[in-house]
Amino acid sequence: MSDLFVGEILILLLLVPVLLRPFFKRLQRIEGIAILPLLSLLLAFGVIAAGGLRFSFLPVLLCLFIVFFANSIRMVHLFSGIPSDLYSIPSIILYVLLIIMFSGTLWCSIVFAPEPNRISENETSRSFYTESFSVGTKVRFSVWEPVKREVSNVEGLVIITNDSATGFGSRNSTASILSENGYIVIEGNSISTHDYINPLFLYPGIRKPLFLLSRLFPFIEIIPSAQEIAIVQEKSLGRLVSWTQNKFGKTLPLYIIAEGDSIPSVASFFRNNRDVFAGISCISNDLEIKNTFPDHLVFVFDASGGSLPSISSVYPVCIISGSDSNLEGLGEIDANDVLMSFLLGGSRDVNRMRAELIARRILSWIRMRSVYGFEGS
């Protein structure tokens, strides 16, 4: 059961006494029930602060706001010492309609509930760090690693760069699988006043929903230009590589997994810094992205077509395709935000099977690359 689904159920449970109060005398005598919508609203803000605003959460949020405003006069009466247990016939009709809406919201919460997070086979840990790079620029890093690791037992370092619409945490299944197999996995989330021109895009909580809306309504120009996005992604990648090398050194092989609009910045970085990465894996169904990398250095593989051939490890760049094309570049959105997945024409990733398949293919390629892939680089 995901944290979002638990939060949604708690919010809705707090609204049950509020909606049933007009029909039960015992509930009408409990004045404190009038404050429950306010507590639900505070809990909703906590859910958003903890996990970001997901489109699957919008039905619950909309229901909560409507109940909150419908009950606002009774909250004012409670704080003013005026009785809040008087319900007229129009009020009762309103609450009947609210119960119908509540039932539909509960149905949506169950149908579009996120898939549970993957449980690691081996013990892993996840740590967070915040680093200031300059005035107005901070980066929050997420580090997955095996528990009780020793430097001699670490297989390598893996950086994950994400699409602007997802941010870090969008490929947690991949991070989990790699870390339980001996790799340290690093992601970064930049907050900088020097990146985007529009100050709204400074905050990931606002930035990510706007980018997702642009995928849902591509005819509405609400996001920065492709050139501006590419510049921001290049800055973010530079900070991520710099921090990783400063913290973990340069002796371990460094791999990178790129997705969505972060791929062009990775290709640009690779052209100018050929020796930094031991291998680059891109998740994309757009096979034209291979043209952004130097010629003859890219291997393209369909993840649904069987095991990776060993010849793939000779190439320093491997493009993994075969995921749901409607959700290209959006990480595990088909498991994390199922409603948005359906709106984009995708489907639910039951038990995160598609995500795990891609993660296993990437792990296989990195392992083969580390064993005998460098000869052809």
Side-chain angles (χ1 to χ4, degrees), residues 52 127-144 157-171 175 184-215 221-250 254-284 286 289 291-294 316-317 328-331:
S127 305
F128 295 93
Y129 305 87
T130 300
E131 180 104 2
S132 294
F133 280 77
S134 63
V135 177
T137 300
K138 291 193 303 183
V139 182
R140 189 167 186 246
F141 296 97
S142 166
V143 179
W144 295 72
L157 306 171
V158 181
I159 286 175
I160 297 181
T161 62
N162 310 107
D163 188 271
S164 302
T166 57
F168 73 7
S170 65
R171 281 287 171 189
I184 299 176
V185 184
I186 307 100
E187 296 175 273
N189 201 10
S190 294
I191 301 176
S192 175
T193 56
H194 308 297
D195 285 354
Y196 292 102
I197 298 173
N198 188 335
L200 275 179
F201 291 92
L202 167 65
Y203 305 101
I206 299 175
R207 181 169 69 231
K208 291 190 290 184
L210 289 177
F211 271 94
L212 278 176
L213 277 175
S214 73
R215 299 291 289 263
E221 297 182 1
I222 57 177
I223 63 171
S225 65
Q227 182 180 6
E228 184 179 350
I229 293 171
I231 293 173
V232 171
Q233 285 283 19
E234 287 181 14
K235 291 179 180 179
S236 298
L237 177 60
R239 296 168 192 144
L240 185 54
V241 172
S242 173
W243 185 86
T244 300
Q245 292 180 331
N246 288 336
K247 184 168 181 62
F248 299 103
K250 300 181 180 181
L254 177 61
Y255 301 91
I256 188 165
I257 300 171
E259 188 171 17
D261 60 22
S262 72
I263 294 177
S265 65
V266 172
S268 176
F269 191 98
F270 177 65
R271 284 194 298 269
N272 299 322
N273 304 273
R274 187 71 63 88
D275 299 328
V276 172
F277 300 127
I280 299 172
S281 179
C282 300
I283 305 172
S284 178
D286 180 10
I289 66 164
N291 298 325
T292 62
F293 291 92
V317 181
E328 180 190 330
L330 297 179

Ion pair check, R239 and D195, cut-off under 4.0 Å: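 Answer for the salt bridge query: yes.
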Is it true that E131 and K138 have a side-chain N and a carboxylate O under 4.0 angstrom from each other?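 No, no charged N to carboxylate O under 4.0 Å.
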I'd like to know whether the aromatic ring centres of F141 and F168 sit less than 6.0 Å apart in this structure.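 No, the ring centres sit 6.0 Å or more apart.
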Would you please indicate yes or no on a ring centroid separation below 6.0 angstrom for W243 and Y129?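 Close enough - the centres of the two rings lie under 6.0 Å apart.
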Testing the 3.5 Å rule here: is there a donor-acceptor pair between the side chains of S164 and R207?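 No, R207 and S164 have no side-chain donor paired with an acceptor closer than 3.5 Å.
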Indicate whether any N or O donor in one side chain lies under 3.5 Å from an N or O acceptor in the other, for T137 and S134.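 The criterion, which ignores hydrogens and geometry beyond distance, is satisfied for S134 and T137.
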Which pair of heavy atoms, one from [X] and one from [Y], lies closest together, and at what distance?
{"X": "I191", "Y": "L202", "result": "CG2-CD1, 3.4 Å"}
{"X": "L254", "Y": "T244", "result": "CD1-CG2, 4.2 Å"}
{"X": "A267", "Y": "T292", "result": "CB-O, 3.4 Å"}
{"X": "D261", "Y": "Q233", "result": "OD1-NE2, 2.6 Å"}
{"X": "I289", "Y": "S284", "result": "CD1-CB, 3.6 Å"}
{"X": "I206", "Y": "P209", "result": "O-CD, 3.2 Å"}

State the [atom1]-[atom2] distance between [X] and [Y], to the nearest 0.5 angstrom.
{"X": "L330", "Y": "R215", "atom1": "CG", "atom2": "CZ", "answer": "4.0 Å"}
{"X": "S265", "Y": "F270", "atom1": "OG", "atom2": "CZ", "answer": "13.5 Å"}
{"X": "I222", "Y": "N198", "atom1": "CD1", "atom2": "CG", "answer": "11.0 Å"}
{"X": "L237", "Y": "T161", "atom1": "CG", "atom2": "OG1", "answer": "6.5 Å"}
{"X": "I223", "Y": "L200", "atom1": "CD1", "atom2": "CG", "answer": "13.5 Å"}
{"X": "N162", "Y": "K208", "atom1": "CG", "atom2": "NZ", "answer": "9.0 Å"}

Is there a side-chain contact between [X] and [Y], using heavy atoms and a 4.5 Å cut-off?
{"X": "F293", "Y": "I280", "result": "yes"}
{"X": "N189", "Y": "V139", "result": "no"}
{"X": "R274", "Y": "P294", "result": "yes"}

Dump the intermediate steps for side-chain contact (heavy atoms from CB on, under 4.5 Å) on F201 and V232, then the final yes or no. CA-CA 11 Å; F201 291 92; V232 171; over 6 Å; no
Before giving the answer on side-chain contact (heavy atoms from CB on, under 4.5 Å), spell out for V241 and I159 the whole-Å C-alpha distance, their side-chain angles and the decisive distance to 0.1 Å. CA-CA 8 Å; V241 172; I159 286 175; 4.0 Å; yes
The test is side-chain contact (heavy atoms from CB on, under 4.5 Å); show your working for F248 and V143 and say whether it passes. CA-CA 11 Å; F248 299 103; V143 179; 4.0 Å; yes
Please check if the number of heavy atoms outside I197 that lie under 6.0 Å from its CD1 is greater than 12.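 Atom CD1 in I197 is not crowded, with 12 or fewer foreign heavy atoms closer than 6.0 Å.
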side-chain contact (heavy atoms from CB on, under 4.5 Å) assessment of S268 paired with E234: CA-CA 8 Å; S268 176; E234 287 181 14; 3.8 Å; yes
Quick check: does any side chain N or O of K235 sit under 3.5 Å from a backbone N or O of S192, one acting as donor and the other as acceptor?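 It does not hold such a pair.
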